[in-house]
Amino acid sequence: MKKMKINWKVKFAIILIIAAILMYAFAFVFLNEPDKVFFYIVIDCAFIPIDVLIVVLVIESVIEKKEKKAVLDKLDMILGLFFSEIGNNLLEIISNVNAENDEIIKSLKDIDKWSEKDFEKAYKYIDDHGVIFKPDIHPSEVPDFILTIKRIITGKRGFLIDLIENPNILEKDSLSNLLLAIFHLNDELALRTDIEKINSKDLNHLINDINRIYSRLTYEWIKYLEYLNENYPYMSSLALRTNPFNPEIDVYITD
């Protein structure tokens, strides 16, 4: 018969209970004041619910909040890796054919000087309206545009799978929704083995999928900039000098 192992916590709890019993027994037998012993036992028991209340509702909530903040900080660092690997490329390719890109560049012009209220306003606007994507592209250039997006996503599929397998991703709905949108577009494009067969109706369907990704990518890019502005200004400078929305930006510092 297999011998059951007792958890060290159970052993420790048993030792503590035995120690308490022995101390109370010592006080009861040798101090000759049983009334006081019973009184203190009742007082100690009365404090148990209060102790539980403090530990469960106060201390644990503080610890949980700190742990969640630590997880979100790690996700913000992962977000930086995401944009380095694939996010910036996708934003750049999509922005280059977006007829509304000038307006986006204009709205993000002073993002390094934004206040918390400015960021919240931007998040709400994207949640409510999304980011406008109106492709300004010649029909003859559509296959190359679609193939470029397909190659970028396919080339980073392993990286994206590693991201979505990270359990911490579930703590950030916006990022997990973005990854799911990218995988959906990848599935759509993977099944289109002949890009030349994409007609205007099919292209509109793909544009809707791309627009969904574009909106979520823009949201996360702004979120990432806010994180860098608050915590790593030197990294924020590089992110702004590689702004994927602005084709005229230059990574080299000239001023």
Side-chain angles (χ1 to χ4, degrees), residues 75-76 78-101 103-105 108 122-123 125-225 239 242-247:
L75 285 177
D76 285 325
I78 290 174
L79 201 56
L81 182 61
F82 167 81
F83 279 107
S84 296
E85 290 290 324
I86 183 175
N88 283 341
N89 284 342
L90 283 175
L91 278 175
E92 184 177 354
I93 294 299
I94 299 170
S95 296
N96 282 344
V97 300
N98 187 12
E100 302 293 326
N101 194 46
E103 287 299 317
I104 297 174
I105 294 172
L108 297 176
Y123 302 142
Y125 181 86
I126 295 174
D127 282 334
D128 293 342
H129 307 285
V131 179
I132 298 175
F133 174 54
K134 292 182 179 178
D136 181 14
I137 184 171
H138 193 274
S140 63
E141 297 174 338
V142 168
D144 284 341
F145 172 67
I146 297 297
L147 277 174
T148 300
I149 291 180
K150 183 177 181 179
R151 289 192 194 103
I152 291 173
I153 297 176
T154 303
K156 297 297 180 179
R157 182 175 173 82
F159 170 76
L160 293 171
I161 290 173
D162 288 341
L163 277 187
I164 210 163
E165 286 179 346
N166 187 332
N168 292 329
I169 293 293
L170 297 176
E171 295 288 338
K172 196 168 186 177
D173 290 339
S174 59
L175 181 55
S176 58
N177 288 336
L178 168 59
L179 293 176
L180 288 174
I182 292 175
F183 275 113
H184 172 71
L185 179 60
N186 180 68
D187 291 340
E188 290 274 7
L189 297 179
L191 294 173
R192 286 168 171 80
T193 53
D194 189 351
I195 300 298
E196 299 294 336
K197 288 185 178 181
I198 296 176
N199 55 33
S200 58
K201 189 174 181 179
D202 194 34
L203 179 61
N204 286 334
H205 176 82
L206 291 176
I207 286 173
N208 286 332
D209 291 333
I210 293 170
N211 193 27
R212 186 182 301 111
I213 293 172
Y214 192 50
S215 291
R216 300 321 305 172
L217 273 173
T218 304
Y219 182 99
E220 292 301 331
W221 189 82
I222 294 173
K223 199 79 176 174
Y224 180 55
L225 258 292
T242 55
N243 183 341
F245 298 97
N246 192 347

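Note that this is a predicted model, so its numbers are computed, not measured. These numbers come from the heavy atoms of this one structure, side chains and all, not from hydrogens, waters or symmetry mates.
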Value rounded to 0.5 Å, distance of [atom1] in [X] from [atom2] in [Y]:
| X | Y | atom1 | atom2 | result |
| --- | --- | --- | --- | --- |
| Asp136 | Glu141 | CG | CD | 9.5 Å |
| Asn177 | Ile213 | CG | CD1 | 12.0 Å |
| Asp162 | Ile164 | CG | CD1 | 11.0 Å |
| Leu163 | Leu178 | CG | CG | 9.5 Å |
| Leu147 | Ile195 | CG | CD1 | 4.5 Å |
| Leu90 | Ile182 | CG | CD1 | 6.0 Å |

Check: [Y] and [X] side chains under 4.5 Å, non-hydrogen atoms:
| X | Y | answer |
| --- | --- | --- |
| Phe145 | Ile210 | yes |
| Leu189 | Asp209 | no |
| Pro247 | Ile105 | yes |
| Leu160 | Ile153 | yes |
| His184 | Leu180 | no |
| Trp221 | Phe245 | yes |

Checklist line | Residues in ring pair (Phe, Tyr, Trp, His ring centres under 6.0 Å) contact with Phe159, at least two apart in sequence or another chain | finding: none
Contacts of [X] that satisfy side-chain hydrogen bond (donor to acceptor under 3.5 Å, both in side chains) - sequence neighbours left out:
| X | value |
| --- | --- |
| Asp128 | Lys124 |
| Thr148 | none |
| Lys156 | Glu85 |
| Ser140 | His138 |

Note to self: Taking the basic N atoms (NZ, or NE/NH1/NH2) and the acidic carboxylate oxygens, is any pair closer than 4.0 Å for Asp127 and Arg216?
What the structure shows: yes
State which residues pass side chain to side chain contact (heavy atoms under 4.5 Å, CB included) with [X]; sequence neighbours excluded, sorted by chain then number.
| X | result |
| --- | --- |
| Asn208 | none |
| Tyr125 | His129 |
| Val131 | Ile104, Ile126, Tyr214, Ser215, Thr218 |
| Ile132 | Glu100, Lys134 |

Notebook entry, point to check: So, the side chain of Asn98 versus the backbone of Ile94: is there a donor-acceptor pair under 3.5 Å, distance only?
Noted result: no
Next item on the list: Check whether any side-chain N or O of Ser95 sits under 3.5 Å from a backbone N or O of Glu92 as a donor-acceptor pair, and report yes or no.
Entry: no
Margin query: For Asp187, give me all partners under salt bridge (Lys or Arg N to Asp or Glu O under 4.0 Å), at least two apart in sequence or on another chain.
Written below: none
Item checked: Qualifying residues under salt bridge (Lys or Arg N to Asp or Glu O under 4.0 Å), relative to Arg192, sequence neighbours excluded -> Glu188, Asp202
Item checked: Closest non-hydrogen atom pair, Leu217 against Gly87 -> CD2-CA, 4.1 Å
Checklist line | Of all pairs that satisfy salt bridge (charged side-chain N to carboxylate O under 4.0 Å, His left out), the ones with a partner from residues 146-155, not counting sequence neighbours | finding: none
